[in-house]
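What's counted below: heavy atoms across the whole structure, side chains too, no hydrogens, waters or symmetry copies.
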Amino acid sequence: QVQLVESGGGLVQPGGSLRLSCAASGFTFSWYGMSWYRRAPGQERELVASINNAGGSTNYADSVKGRFTISRDNAKNTVYLQMNNLKPDDTAVYYCSAFTVYGNLYWGQGIQVTVSS
């Protein structure tokens with residue numbers, strides 16, 4: 001059974017930091033690129049960051065560049081999203097996904113991140 005399980009979300013004040021984790025199982029993790037998406041209230045789903053299967057190439061949405069960092073540990077079958085200098089507009093449900101050249105194949109259940117004073 002393929003599973004992607006996010007953790008590390010919660011409530012944080014503006015300017016604070018959170019580190020999201022996504023633990024993968026049921027497939028060969030190192031064969032897949034990984035992405036983080038988010039859906040904010042009243043907004044469409046947005047691609048936040050992505051990383052290739054080996055971890056040597058990353059991409060970020062303009063809204064998070066310089067603040068967020070995606071990384072992965074293939075030995076632990078886990079992808080991370082370090083979020084610094086958080087803003088209220090970062091409030092959203094965050095999802096991890098696994099992708100190949102055929103598109104996004106697997107999705108996590110999503111985890112809430114709320115940035116508020």
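- In terms of the ring-ring contact (aromatic ring centres under 6.0 Å, His included) criterion, Phe99 has no residue partners (sequence neighbours excluded).
- Glu6 places a side-chain N or O within 3.5 Å of a backbone atom of Gln109 that can act as its donor or acceptor partner.
- By the neighbour-count criterion of 12 heavy atoms within 6.0 Å, atom CG of Asp89 is sparsely surrounded, having that number or fewer from other residues, nucleotides or ligands.
- Distance check, rounded to the nearest 0.5 Å: CD of Gln82 to CG of Leu18 gives 8.5 Å.
- Taking the ring axis of Tyr80 as reference, the NZ or CZ atom of Arg19 stays within 45° of it and closer than 6.0 Å to the ring centre.
- Summarising the geometry, atom CZ belonging to Arg39 is positioned 8.0 Å from atom CD belonging to Glu44; distances are rounded to the nearest 0.5 Å.
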### Query
When you look at Asn53 and Ser30, which way does the side chain to side chain donor-acceptor pair (under 3.5 Å) test go after all the steps?
CA-CA 5 Å; Asn53 62 324; Ser30 63; over 6 Å; no
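- Every side-chain hydrogen bond (donor to acceptor under 3.5 Å, both in side chains) that Thr114 has, sequence neighbours left out, goes to Gln112.
- With hydrogens and angles ignored, the 3.5 Å screen pairs no side-chain donor or acceptor of Glu46 with any backbone N or O of Arg38.
- Through side-chain heavy atoms spaced under 4.5 Å, either directly or across other Ile, Leu, Val, Met, Phe, Trp or Tyr residues, Tyr102 is tied to Val101.
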### Query
Does the salt bridge (Lys or Arg N to Asp or Glu O under 4.0 Å) test come out yes or no for Lys65 and Asp62, once each step is laid out?
CA-CA 5 Å; Lys65 285 181 179 177; Asp62 288 343; 3.1 Å; yes
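- Relative orientation of the Tyr32 and Phe27 rings is perpendicular, given thresholds of 30° and 60° on the angle between their planes.
- A perpendicular orientation is assigned to the rings of Tyr95 and Trp107, their planes being inclined by more than 60° (bins at 30° and 60°).
- Considering only heavy atoms from C-beta on, Asp90 stays 4.5 Å or farther from Met83 through its side chain.
- With sequence neighbours excluded, the residues forming a side-chain hydrogen bond (donor to acceptor under 3.5 Å, both in side chains) with Arg72 are Asn74, listed by chain and number.
- Other members of the cluster containing Val5 do not exist, because no ILVMFWY side chain is joined to it at under 4.5 Å.
- Pairs engaging residues 6-117 under the disulfide bond (SG atoms under 2.5 Å apart) rule: Cys22-Cys96 [sequence neighbours left out].
- In this structure, OG1 on Thr69 lies 6.5 Å from CG on Asn84, to the nearest 0.5 angstrom.
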